[in-house]
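A quick write-up on the structure given underneath.
In what follows, chains carry the letters A, B, and so on, assigned in the order in which the sequence lines appear, proteins first and then strands, with residues in each chain numbered from 1. The figures that follow rest on heavy atoms only: side chains count, while hydrogens, waters and symmetry mates do not. Being a predicted model, the structure only gives us computed values, none of them experimental.
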There are 2 protein chains.
Amino acid sequence: MSENVGRWLRDEIENAILSNEFAPGERLDEMVLATRFGVSRTPVREALMQLNAIGLIEIRPRRGAVVIDPAPHRIFEMFEVMAELEGLAGSLAARRLDDESRAAITAAHRRCELSAGAGDSDAYYYDNEEFHKAIYAASRSEFLEEQCLQLHRRLRPYRRLQLRVRNRLSTSFSEHCTIVDAIFAGNGEEARRFLRAHVGIQGERFSDLVASMTAR
Amino acid sequence: MSENVGRWLRDEIENAILSNEFAPGERLDEMVLATRFGVSRTPVREALMQLNAIGLIEIRPRRGAVVIDPAPHRIFEMFEVMAELEGLAGSLAARRLDDESRAAITAAHRRCELSAGAGDSDAYYYDNEEFHKAIYAASRSEFLEEQCLQLHRRLRPYRRLQLRVRNRLSTSFSEHCTIVDAIFAGNGEEARRFLRAHVGIQGERFSDLVASMTAR
DNA sequence: GTCAATGAGTGTGTATACAAGAAATTGGCT
DNA sequence: AGCCAATTTCTTGTATACACACTCATTGAC
């Protein structure tokens, strides 16, 4: 348990939402949550407000909190912004790369190669996350890194769905290769372009995502 | 007063911070705020947590809340991200422009022309804000618009400082002209480039900002 | 039979009380 | 006289109590 109950609860509830235990559209009753976690309503309300700020739930005055159920076009918009931010991170990383960041990116890239080769989509999901985080860190812009991490966390469940699409693992990894090459070559604009294309969900990727969303 | 006291307090305290009544680094005592606004500690704590989520204050466990005092390099990073997001908004606006958005941008642009011509930096500050907001809306991406508005609000005080720099009004307005031309011409990539350059604080603009920050 | 209005019930919003940790002050010791 | 430690005080974190708004169901009228 974290140092204060409110933050711990935030993480607990966030995980429950991201793992679909609390389904989109579901109402979150403060008292039910309080008894479930063995605390009073006060820290529950704190946690809910933080989740509201993150954008995972919506709190309507006097009407309680519900898990947000974003429309497909909104998810598309979120990926569009994510692609832009990651593109910026990539271009900065290419210009500012130092040994430490280079090593971190290389290591994550290697792990992606292994899990992609093994066709292990769960492992790749995790390694891919580390790869992207390594690029955020390499941008050497703390604020950008924070923004990327926050949006990444919010998009996490959809990224996972994307990986289920056939051949996506190998496609994703080969895109990683071009991104790594561009960054290591110090070519900021190429890194930006490749990352934008890699993260964005243009065309059929979007319909694939929508299809896998409705499938569950 | 808003529908619930917590949100009202959030706005009140936010304004107090942005107008420098609560200076950066200052400690915000819950009880002091509660008596000042004639409420109990509960909604004050709510407001503080929301401000913490926005990034205006920092809440350290068991040690209270302090107004964040961002280092100059962090402000630079924030403008860098803002420039990227506005660039995206501009490029989308150029591609998706409809009559309504075109009218809104034109109207805001006209008002900027008037206040810039009059040398009224306070009026220009406000009109400039509306101009940028019109572009966010024209992007037709609700999520992007929200992100832009949020970051814009956080950078508001620094934008104001920037306008105090000599000749910045006319420079800013002439940049607006090129942006409007690019958007109206449907040239997304030009709109992106011009907006990035307009919003970012490269080179001497950054040192101007730092100078005006230390001056107060 | 349908629609509206009123009442009960449930749940959020705010206040207050209590517990626990951090900071400050005072006292003793070197 | 200065520094360290212990105690006190002040502030935050959590629990609980109470008030009020919203929802939903039931009853009555058209």
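- For A/Arg62, there are no side-chain contact (heavy atoms from CB on, under 4.5 Å) partners at least two apart in sequence or on another chain.
- Put simply, CE on B/Met49 is 10 Å from P on D/dT14, counting in whole angstrom units.
- Note: CG (B/Leu48) to P (D/dT11) measures 14 Å, nearest angstrom.
- Checked against salt bridge (charged side-chain N to carboxylate O under 4.0 Å, His left out), B/Glu21 has the following partners two or more places apart in sequence or in another chain: B/Arg36.
- The separation between A/Glu30 atom CD and D/dA15 atom C1' is 14 Å, rounded to whole Å.
- Mapped onto DNA chain D by nearest heavy atom, B/Leu28 and A/Gly38 fall at different nucleotides, with B/Leu28 at the one closer to the 5' end.
- Using a 4.0 Å heavy-atom cutoff across all strands shown, B/Leu9 reaches no nucleic acid atom at all.
- Partners of B/Tyr124 by side chain to side chain donor-acceptor pair (under 3.5 Å), not counting sequence neighbours, listed by chain and number: B/Ser172.
- We find that A/Glu84 and B/Arg192 are joined by a salt bridge, their nearest charged nitrogen and carboxylate oxygen being less than 4.0 Å apart.
- Distance CZ (B/Arg27) to P (D/dT11): 7 Å, rounded to an integer number of Å.
- For the pair B/Arg45 CZ and D/dT12 C1', the interatomic distance rounds to 6 Å; values are reported in whole Å.
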Contacts under 3.5 Å, N or O only, protein and nucleotides 16-22 of chain C:
| unit_1 | atom_1 | unit_2 | atom_2 | d |
| --- | --- | --- | --- | --- |
| C/dT16 | O4 | B/Thr42 | OG1 | 3.3 |

Donor-acceptor pairs are to be reported for all side-chain atoms of residues 200-207 of chain B against protein atoms at under 3.5 Å, with residues two or more places apart or in another chain.
| unit_1 | atom_1 | unit_2 | atom_2 | d |
| --- | --- | --- | --- | --- |
| B/Arg205 | NH1 | B/Ala197 | O | 3.2 |
| B/Arg205 | NH1 | B/His198 | O | 3.0 |
| B/Arg205 | NH1 | B/Gly200 | O | 3.1 |
| B/Arg205 | NH2 | B/Glu175 | OE1 | 3.4 |
| B/Arg205 | NH2 | B/Glu175 | OE2 | 2.6 |
| B/Ser207 | OG | B/Glu204 | O | 3.0 |

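- With D/dT14, C/dG11, D/dT12 as the candidates, the nucleotide lying closest to the side chain of A/Glu46 is D/dT14.
- One finds no salt bridge joining B/Arg111 and B/Glu130 here, because no Lys/Arg side-chain nitrogen approaches an Asp/Glu carboxylate oxygen to under 4.0 Å.
- Here the C1' atom of nucleotide D/dG13 and the CZ atom of A/Arg10 are 16 Å apart, to the nearest Å.
- The distance from atom CZ of A/Arg74 to atom OG of B/Ser141, rounded to the nearest 0.5 Å, is 8.0 Å.
- Between the CE atom of B/Met31 and the P atom of C/dA23 there is a distance of 21 Å, rounded to whole Å.
- Using a cut-off of 4.0 Å between Lys/Arg side-chain N and Asp/Glu carboxylate O, A/Arg168 and A/Asp208 are scored as not salt-bridged.
- Using a 4.0 Å cut-off between charged side-chain N and carboxylate O, A/Glu145 and A/Arg140 make no salt bridge.
- Note: CZ (A/Arg7) to P (D/dT12) measures 14 Å, nearest angstrom.
- Scanning residues 51-58 of chain A for heavy-atom distances under 4.0 Å to DNA chain D yields an empty list.
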